[in-house]
Amino acid sequence: MDQDILRKTSYHDQKEARDFVPPVDNDNADEELHREVFTRLTADENIYNSRGLSHAPKLEDTCRNRYLQMGCCAQMHSCQWTDAFPTLSAESDFPIVQVRFKNTHKEFFRLPDKEEAKDFHTGDIVVVETTNGHDTGVICLQGELVRLQLKKRNLSPDSPDIRKIYRKARQTDVDKWTETIQAEKEMQRRARVIAAQLGLSMKINNVEIQGDFTKAIFYYTADDRVDFRQLIKLYAEEFRLRIEMRQIGARQESGILGGIGACGRELCCVTFLHNFSSVATHAARVQQVSLNPQKLAGQCSKLKCCLNYEYEVYADAMKSMPDPKAILKTEKGEARCIKLDPLRQKLTYTYAETPGSYIELTAEQVFDILERNSKGITVGELEELTKDTQKPENPAPEFRQVVGQDDLTRFDNPKENKNRNRGERRKGNNRPAKSRPAPILQKPVLKNNNGSQE
């Protein structure tokens with residue numbers, strides 16, 4: 001690898017990568033390109049959205065405003081639904097809170113011993129303990145709901161794995177935190193360039209810099225095992241930080257990048273889905289969904305997570321349904337099932353000899369026919385069974401003439417254009433004009449001198 005190329009476009013040589021200040025005008029084409037890229041980033045993209053903020057963090061903003069920002073524009077925001085219950089309110093004395101860092105990165109932390117839990121609120125910017133150094137994040141969950149989350153994840157409130165919160169963030173901490181957020185985009189771009197030059201089959205999806213600017217976490221996806229020992233050395237030399245590589249799956253990648261699903265809503269892995277359970281094609285078969293890979297796959301190229309949402313309902317309904325592979329023996333011939341509706345408890349059959357006819361039967365009727373067939377009894381035609389179950393057709397609504405209102409069917413029969421033939425004659429068309437009936441000539445009546453008629 002050419003080390004001169006890396007030094008020529010070094011991360012530390014680009015001042016705009018740290019504070020997004022456009023470089024000084026010069027004749028260098030590379031500087032012009034970098035200025036255009038950073039201008040577009042600052043104008044079109046909200047880099048603070050990954051932290052749950054709609055703009056740069058400020059201590060002047062109240063914690064309530066930050067909490068509203070996390071609920072409207074952030075990925076994986078937390079909903080404090082226990083506020084409606086007085087016994088589960090967020091204003092409890094539970095000493096553990098959940099702090100959010102970037103995208104889906106959330107951890108639990110213990111409040112300082114000298115301060116009360118009521119002094120911290122959802123939306124406060126806090127400085128927390130890490131393995132080496134400290135980090136800055138925003139409190140996204142507190143109160144009794146945190147106790148329920150710990151129980152769900154099999155964590156004890158007295159666990160030593162739960163680190164502590166140092167203090168609320170000061171202005172110097174916020175300035176340092178803002179600097180790290182602004183530097184992540186350029187660091188991600190440089191990381192992808194270095195990985196491509198090494199020829200590694202991996203994709204750098206996201207970069208998260210620790211709040212004290214001493215450590216960087218690189219999230220990547222790869223199909224096979226990647227030897228990135230040389231890559232870490234180059235990253236450490238380029239960025240002068242401690243490097244940590246974390247491999248994520250395709251579903252986690254979609255949760256980080258975000259997007260709109262086929263239903264028109266934001267992706268579930270972005271909004272509320274925390275745990276990614278495996279999805280099998282059996283869930284699609286039970287729900288009678290067509291096994292089309294293009295429709296069943298999501299943006300992560302995996303089966304859609306929403307296939308598991310209603311799977312249990314369909315699986316429970318299938319328990320009271322007959323075997324769709326069973327053949328019904330009738331006087332008209334054998335009938336096979338071609339469609340199954342578990343929720344309505346109905347099956348659609350067609351005859352093997354006349355496949356164009358479709359008969360819809362209920363599950364009870366199919367069970368009755370199968371029981372008769374097991375005893376050697378052949379039932380009559382299936383159409384006779386559906387006569388009693390067919391609902392009468394609803395009559396079409398009648399429209400009545402109202403005073404001052406025209407008939408609704410006035411445009412159904414268009415009127416003929418009477419002047420059409422006249423125009424054709426003027427143009428000299430050879431088509432014969434419409435013939436009219438000849439007038440009836442009456443015989444003249446003659447009168448005599450006496451006044452009588454002859």
Side-chain angles (χ1 to χ4, degrees), residues 49-50 52 73-79 81 100 102-106 149 152-154 188 192 195 200-208 217-226 228 245-326 336-348 363:
N49 186 32
S50 59
C73 64
Q75 297 178 355
M76 301 293 288
H77 61 269
S78 300
C79 179
W81 58 270
R100 170 180 175 160
K102 185 175 183 180
N103 293 330
T104 59
H105 183 196
K106 297 179 181 180
Q149 292 292 331
K152 178 181 178 181
R153 302 185 185 185
N154 296 326
Q188 179 179 349
R192 289 180 175 180
L200 299 177
S201 58
M202 60 184 297
K203 177 183 177 182
I204 304 296
N205 297 292
N206 201 3
V207 178
E208 181 180 355
I217 303 175
F218 292 84
Y219 298 92
Y220 72 96
T221 55
D223 296 334
D224 301 325
R225 185 179 178 87
V226 180
F228 45 76
M245 305 293 294
R246 290 186 184 179
Q247 185 175 4
I248 59 176
R251 300 182 189 273
Q252 288 81 359
E253 179 185 3
S254 298
I256 291 175
L257 299 179
I260 304 298
C263 57
R265 298 175 62 89
E266 198 173 4
L267 296 179
C268 298
C269 53
V270 177
T271 53
F272 67 91
L273 194 60
H274 298 267
N275 300 324
F276 299 97
S277 56
S278 60
V279 185
T281 55
H282 178 68
R285 293 191 182 95
V286 172
Q287 301 178 54
Q288 309 300 315
V289 180
S290 176
L291 299 179
N292 188 351
Q294 296 180 354
K295 295 183 178 180
L296 296 181
Q299 294 189 3
C300 58
S301 301
K302 305 291 183 180
L303 292 177
K304 294 180 180 178
C305 298
C306 56
L307 291 175
N308 286 342
Y309 296 167
E310 300 179 357
Y311 168 72
E312 295 180 358
V313 177
Y314 279 86
D316 186 52
M318 286 292 294
K319 295 179 181 178
S320 58
M321 294 289 291
D323 186 9
K325 297 180 180 179
R336 300 177 183 273
C337 179
I338 60 173
K339 183 180 178 181
L340 183 67
D341 194 346
L343 300 184
R344 296 175 56 204
Q345 294 289 301
K346 290 186 176 182
L347 300 91
T348 303

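The local environment of CG in Asn292 is crowded, with over 12 non-hydrogen atoms from other residues, nucleotides or ligands closer than 6.0 Å. The number of heavy-atom neighbours closer than 6.0 Å to CD of Gln345, taken from other residues, nucleotides and ligands shown, is above 12.
Within the 4.5 Å cutoff, no side-chain heavy atoms of Glu208 are placed close to those of Asn103. The closest side-chain heavy-atom distance from Lys106 to Gln149 is not below 4.5 Å. The shortest side-chain heavy-atom distance between Val313 and Leu343 falls under the 4.5 Å cut-off. For the pair Gln288/Asp341, no side-chain contact is recorded, criterion being any heavy-atom separation below 4.5 Å from C-beta on.
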Would you give me the side-chain donor-acceptor pairs under 3.5 Å for residues 247-257, sequence neighbours excluded?
from, atom 1, to, atom 2, distance (Å)
Gln247, NE2, Ala222, O, 3.3
Arg251, NH1, Leu303, O, 3.1
Arg251, NH2, Leu303, O, 3.4
Gln252, OE1, Gly249, N, 3.2
Glu253, OE2, Lys203, NZ, 2.9
Ser254, OG, Ala250, O, 3.3

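Interatomic distance, Tyr219 OH to Thr104 OG1, rounded to the nearest 0.5 Å: 6.5 Å. Atom CG in Asp323 sits 10.0 Å away from atom CG in Leu347 (nearest 0.5 Å).
Nearest heavy atom pair, residue Gly298 against residue Lys304, reads N-CG, 3.8 Å. When all heavy atoms are compared, the tightest approach of Asn49 to Arg100 is O-NH2, 4.2 Å. Scanning both residues, Lys346 and Met321, for their nearest heavy atoms gives O-CE, 3.9 Å. Residues Ala283 and Asn308 come closest through the heavy atom pair CB-OD1, 4.1 Å. Here the closest heavy-atom approach between residue Arg285 and residue Leu291 is recorded as NE-CD1, 3.8 Å. When all heavy atoms are compared, the tightest approach of Ala317 to Pro342 is CB-O, 3.7 Å.
Between the Lys302 side chain and the Ser278 main chain, no donor and acceptor come within less than 3.5 Å of each other. Remark: the backbone N or O of Asn205 is paired with a side-chain donor or acceptor of Gln188 at under 3.5 angstrom. When atom types are taken as modelled, the side chain of Gln287 and the backbone of Leu307 share a donor-acceptor pair closer than 3.5 angstrom.
Paired with Asn206 under the rule side-chain contact (heavy atoms from CB on, under 4.5 Å), one option of Arg246, Lys102, His105 passes, and it is Lys102.
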Stepwise, does the side-chain contact (heavy atoms from CB on, under 4.5 Å) test hold for Val289 with Lys295? CA-CA 10 Å; Val289 180; Lys295 295 183 178 180; over 6 Å; no

